[in-house]
Amino acid sequence: MRSVPIFVVLTLIFQVNVMNILKKLLSVLMTAVILLTLSACGKSEPASGAVKKGDGAAAVSADTDNRALYASKDKSKLSLIAKSDMIELYFDRENCTVSVYDTASDKLWSSLPEKNAGEKTSAVSLTVLVNGSSYTLSSQSDSVGFSSALYEEKENGVTVNYGFKRTLEDGTKINLFLPVSYTLADGALTVEADCSNITGEGHDSDVPVTHIGILPFFGSDSKGAEGDYMLIPDGCGATVDTSVSPEAFENISLPVYEEGNLLGVFGKKNADSAYAVLIDEGEELSSVKVQKALSSGGLNRIYADFEITPTHSDEENIYICNDSYKGKIRLVYRFLSYGNADYTGMAVAVREMLIRKGYLLSEREDAEGDYPFNLSVIFQNYVTDARGRTLSQTLTTYAQAQEMLDSLKAKGITNINMRLKGALTDEELAKIDFSSAPGSKKDLEKLISYGESDSVTFYTDASLVTLSEDAGAQKGALTPDGEYLSEAGRTFLSAPLIAENSNALIRFMRKNSVQGVCINDGCKTLYGDCSAENFSLKTDVADVISGQIASVSASGKLMVDTGNIYGVKYADMIVNLPVTAKVQDRDLCARVPFVQIILHGLADYSCEPVNSFANSEKAFLKCIEFGAVPYYEWYASDLSTQEKTDNSNYLNFITEAQSQYERAAEVFEDLRDARITDHHRVRKNVYYTCYDNSTGIYVNYNDEPVTVNGMTVEAMSFLRVN
């Protein structure tokens, strides 16, 4: 079995003299099992088929009783079937839907909207593919409307078996069944569907189910009160104002674990009530969908949609995988009242659920030593010349990196986490002579030795799930149409090769006494593999990645880039954690530090490098507001060939970085273990963050001072209060 070239080459280059190193590596069971399934080399064929896109046949719809489409707001007409804490679960036997009553705030959350909403509604929806066309089936129009929904009340809840029926004009009959359980326990509503229980005519062949939507109208309304919003997992987190009905609003779809969406969560605030939802199982397959009520009508609604059968479309064909997800879909709804009914309360509730799920540790070890200084050093870039050759460009030598450490030490900064970017890079090094590296082996050994003796932790950059497109040929994951899955010149590996990559990395760390590793790709974009030999859904790949990251962390310090939640449990540091949201520049949308509220006190994290922003001081203030350790990315090329205003050259920015570090250390030295208990906007461009030790921090982004509660916060500055 071949090792991945990245770490074979690394081993040849990074020969650090260490005696008595442990030679044997304890294999993780998951790795062993996956390696046994490793396929032979050669391009894989996709486990999928193609159908021509169809025009779509019209459906013969049911003559649905309107009572099945809308919710009753009169609890006396509903059946109380469970109580837990201050929450009650009601069931409507006529339309087979549930409602949750929060007794503390006297709020009834319903699965369906009121009758005047003017939309076709459903408690559960199925999307099927028939003759190249997609059809979405509604639990209300296509099941309850045909009297084909059956229910069974049980202790603490109810299970509804929705029988979806539809006949197309071309005579095709759709007849599918999906049982969904609703359970109230520990003050939370759990909604679960077992995808292995989807039954009916043609399932998995003529009528494959591609998507399942769960409670797409839960808590929907036509207009919220001032201050109401929907919470979405976009980047750091964002809110969508529901108190205004614009003329137009582009619907939002956020695939979980892609495009900077780090969590499978969402929520909704309505006056003194709110709910937060954790997609507890199957979140890797989900997208959070958001629609806004417009001035012309419609509803404010947010829900999770699950792609259980991967598909891909081009102009002519739809490619669909031959296999589907057979696991469970599970969502947990937590309900909040009054002072907790905001995005901070939602984050606290989600944090508790993530700890129970095992994605986060309940406590972290006490933060030791001085406040950390996070630094990424760029050693080499790789460029392609006119002849297609890969050439290296040295931006920092090992000796210059040591000079950086000398300069930082002289400024009183010692607890340094240094990420080695491009010093020991991946398989492309096989094309480069050692003479073109950033220095000799002796220089590297000297740098490592120097740092270890002076409170510096080195994190060797490593790719766990990708290779360059050339090296990744014959090894990559396939899309349903048979193409290699790639991004930014990198090919995503099939699951067995991720395990092999991890195994080689652990051997490399043990042999060379590597202090730490920065996984630069494993917590960014999640993907599946539709190849016949290594077919893996996103759920499978996430399990492999999280398992291998845990194994790597057992061999040394761990840093992760970006931070999908399935990979951060054992991280000593998270870098490039988003502090923005894609939607924040849209009307009625605003970014909030939802992810940071969850993580603070459980892990150290940094935003994007402060010096990479045009306004570095504003970026620094964002770190203060979000409780993040400032992070810098530098190189050390000769200034004679660089602009003297280039903030990426450490000589231009080290003095400013010292000032920022000292200010951050003074504020956060005793807050690294504290949890965020409140965050809100005080006024335009002024924000307040509070911690559980009663410490508060005001941040003022304005160009003039502001007075808050009798205290002055200077322009472009912050103020800590106790």
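All figures in this text were calculated on a predicted structure; none of them were measured in a lab.
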Keeping Arg419 on the side-chain end and Asp461 on the backbone end, is there a donor-acceptor pair under 3.5 Å? no
Between the CD atom in Gln660 and the SG atom in Cys623, the distance rounded to the nearest 0.5 Å is 8.0 Å
Can a side-chain donor-acceptor contact be found between Asp561 and Asn576 if the only test is distance below 3.5 angstrom? yes
Thr689 (side chain) donor-acceptor with Glu625 (main chain) under 3.5 angstrom: yes
Parallel, tilted or perpendicular: which one describes the rings of Tyr650 and Trp634, with boundaries at 30° and 60°? tilted
Can you tell whether the side chains of Lys524 and Glu487 come within less than 4.0 Å, N to carboxylate O? no
Would you tell me whether Tyr691 and Asp670 have side-chain atoms, one donor and one acceptor, within less than 3.5 Å of each other? no
If you round to the nearest 0.5 Å, how far is OG of Ser253 from CD1 of Ile232? 10.5 Å
Given 3.5 Å as the limit, does a donor-acceptor pair link the side chain of Asn611 with the main chain of Asn647, or not? yes
Yes or no on salt bridge (charged side-chain N to carboxylate O under 4.0 Å, His left out) for Glu669 and Arg720, after CA distance, side-chain angles and deciding distance? CA-CA 12 Å; Glu669 194 74 56; Arg720 170 173 166 156; over 6 Å; no
Does a side chain donor of either Tyr566 or Glu283 reach within less than 3.5 Å of an acceptor in the other side chain? no
With a 6.0 Å cut-off on ring centres, are Phe379 and Tyr398 close enough? yes
Please work out whether the ring planes of Tyr371 and Tyr661 are parallel, tilted or perpendicular, with thresholds of 30° and 60°. tilted
Quiz question: by atom type and distance under 3.5 Å, do the side chains of Asn374 and Asn417 form a donor-acceptor pair? yes
Any side-chain to backbone donor/acceptor pair from Ser407 onto Glu403? Under 3.5 Å, distance only. yes
Judged by atom type as modelled, is there a donor-acceptor pair below 3.5 Å linking the side chain of Ser553 to the main-chain atoms of Ala550? yes
Give a yes or no on whether the backbone of Gly547 and the side-chain of Ser551 come within a donor-acceptor separation of less than 3.5 Å. yes
Between Asn501 (side chain only) and Leu464 (backbone N and O only), is there a donor and an acceptor less than 3.5 Å apart? yes
Glu258/Lys582 salt bridge by N-O under 4.0 Å criterion: no
His679 vs Phe626 aromatic rings, parallel, tilted or perpendicular, using cut-offs 30° and 60°? perpendicular
Under the criterion ring pair (Phe, Tyr, Trp, His ring centres under 6.0 Å), I'd like the reasoning laid out for Phe613 against Phe620: C-alpha separation, chi angles, the key distance, then a yes or no. CA-CA 10 Å; Phe613 291 86; Phe620 170 68; over 10 Å; no
